[in-house]
Amino acid sequence: MIFRLGVIMLLFSIAFRSARTNCLDRNGLPMRCIPPFENAAEREEVDATNTCGSPPSLYCSLTDTEAECVTCDASSPTLSHNAVYLTDENDNDNPTWWQSNTFMTYPQELKSNLTISLGKTYDVTFVKLKFYSPQPRSFAIYRSSDFGRTFEPWHFYSESCSYFNLPQNDGRTPFGDSEAVCTTKYTNMVPLSGGEVTFATLENRRSKNTFDSSSELQNWVTATDVRVVLSQPNTFGDEIYNNTRTLRSYFYAVQDLSIGARCKCHGHASRCSEDLVAGLINCDCEHQTTGRDCESCLPFYQDHPWRRASEGGANECVRKFLHFSVDAFEQCSVDTRVVLNRKHLLVTNPY
């Protein structure tokens, strides 16, 4: 009885989903559909290491050497530069920013990590940083596709790629589909503030024009978490004099972190929504698919293996029918009559 009720509920769910589908073309046939493009980092929490203000500390202007140094205090609403300002609403007229400690640690390296969990698998188009300080001399962007358990590099940036033990790649030839290269782009000291860094996941990739047929490239753009590793600040080279004001003028400061992406549903959903009970973001799967990313077929819709949708077709999951031959049906009927007959004999003549 419970099993039959479960089947009825499943079929009702499928019927409901079919009734509200947004993944049909004008002729009512299944087509590939994708969730809207969004800033996946908006309002998300960022874990930042080496943030200024605990304890309160002074930092100085790099452009105005006559200006008084300012206090960074993590406990003060007006003096803090905590990581929450990385993904808040960006206002150029009244900027807020995250800020690291200063280079008072010299000659030790000044490093900081910015890690953001997206809470769901996404297809990432770009990662964009807007700096309030000069852009770093060396930094890198990493991704995780297993919710932060492991990270692998997406791109390295350095004035000298030897810092990462990598050759400099000027992009004259296409990059491999999953090759993390090092470039000198975005590593200039100028501008001293307001510089923007944009890493585009498909830029100069060998198979970018045949994305649907490259599983390697599809995996390359997939991320659940993004990490920015700031390794070397840009300086005028005067830190060697160990002047306190000079060292206090070197730090990392990022005004905005944004991640242009789509919720990853393999072409089988037009939107994602939050499960308020579990607190998880899931695809609203169609095409008889299921899972957080629509990565498998529903029960009874497994007539052929699951496939992602593409421009060439929706690759929807199809109802699986059971086929019986006449001989098998007749044999089943005979076996059933034998069982029933034996039951009758046991009841009428137990001895």
Side-chain angles (χ1 to χ4, degrees), residues 34 37 39-41 109-116 122-145 150-237 252 254-262 264 308 310-312:
I34 52 178
F37 192 76
N39 176 10
E109 287 188 312
L110 179 63
K111 294 188 176 185
S112 189
N113 294 349
L114 307 175
T115 306
I116 182 169
Y122 278 81
D123 287 326
V124 176
T125 302
F126 66 79
V127 177
K128 186 175 181 180
L129 295 158
K130 183 174 183 178
F131 281 88
Y132 192 75
S133 67
Q135 296 158 166
R137 183 183 181 190
S138 298
F139 63 105
I141 301 176
Y142 291 75
R143 73 178 179 101
S144 172
S145 56
T150 60
F151 282 86
E152 59 182 276
W154 248 343
H155 202 94
F156 296 96
Y157 299 91
S158 184
E159 187 180 74
S160 176
C161 287
S162 60
Y163 177 82
F164 293 115
N165 295 317
L166 290 171
Q168 178 182 323
N169 194 316
D170 56 12
R172 293 181 182 178
T173 58
F175 306 146
D177 286 348
S178 58
E179 180 186 8
V181 300
C182 180
T183 61
T184 60
K185 191 177 182 181
Y186 302 127
T187 59
N188 290 332
M189 186 76 174
V190 179
L192 297 179
S193 184
E196 294 186 353
V197 172
T198 301
F199 165 64
T201 56
L202 292 180
E203 184 179 4
N204 205 35
R205 296 293 155 183
R206 186 174 295 125
S207 302
K208 68 177 182 179
N209 295 325
T210 55
F211 181 83
D212 281 339
S213 60
S214 175
S215 59
E216 184 180 0
L217 199 54
Q218 291 162 19
N219 291 332
W220 172 253
V221 304
T222 300
T224 58
D225 304 73
V226 174
R227 174 173 291 168
V228 178
V229 177
L230 308 172
S231 302
Q232 281 186 311
N234 248 319
T235 71
F236 290 120
Y252 304 115
V254 181
Q255 187 173 333
D256 184 65
L257 167 61
S258 56
I259 300 174
R262 297 182 192 274
K264 189 180 187 73
R308 61 180 281 125
S310 67
E311 281 191 22

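Values below: all heavy atoms of this structure, side chains included; hydrogens, waters and symmetry mates excluded.
Considering every non-hydrogen atom in both Ser144 and Thr150, the closest pair reads OG-O, 2.8 Å. For Trp154 against Trp220, the heavy-atom pair with the smallest separation is NE1-O, 2.9 Å. Of all non-hydrogen atoms in Ala41 and Ser258, the two that sit nearest each other are CB-CA, 4.2 Å. Contact record, His155 with Ala180: N-CB, 4.5 Å, taken as the closest heavy-atom pair.
The salt bridge (charged side-chain N to carboxylate O under 4.0 Å, His left out) check on Glu203 picks up nothing, with sequence neighbours excluded. Glu159 meets the side-chain contact (heavy atoms from CB on, under 4.5 Å) test with Arg137, Thr187, Asn234; sequence neighbours excluded.
To the nearest 0.5 angstrom, Ser214 atom OG is 8.5 Å from Asn219 atom CG. Separating the CG atom in Asp225 from the CZ atom in Arg143 is a distance of 11.0 Å, to the nearest 0.5 Å.
Looking at Leu166 and Val181, their side chains never come closer than 4.5 Å, going by heavy atoms from C-beta outward. You'll find the side chain of Tyr252 reaches within 4.5 Å of the side chain of Pro136, heavy atoms only. In this structure, the side chains of Ser231 and Phe139 stay at 4.5 Å or more apart for every pair of heavy atoms. Counting heavy atoms from C-beta outward, Val226 and Leu114 have side chains that stay 4.5 Å or more apart. With a 4.5 Å cut-off on side-chain heavy atoms, Leu129 and Asp256 do not count as touching.
A donor-acceptor distance shorter than 3.5 angstrom exists from the side chain of Gln218 to the backbone of Phe211, with no hydrogens or angles considered. The closest donor-acceptor contact from the side chain of Asn39 to the backbone of Ile259 lies under 3.5 Å. Checked by atom type and distance alone, the side chain of Thr183 never pairs as donor or acceptor with a backbone atom of Asn169 at under 3.5 Å. Looking only at distances, no side-chain donor or acceptor of Asp177 sits under 3.5 Å from a matching main-chain atom of Arg205.
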Can you give me every donor-acceptor pair (side chain of residues 188-201, partner residue at least two apart or in another chain, under 3.5 Å) with its distance?
| residue | atom | partner | partner atom | Å |
| --- | --- | --- | --- | --- |
| Ser193 | OG | Tyr132 | O | 2.7 |
| Glu196 | OE1 | Lys128 | NZ | 3.4 |
| Thr201 | OG1 | Val124 | O | 2.7 |
| Thr201 | OG1 | Thr125 | O | 3.3 |

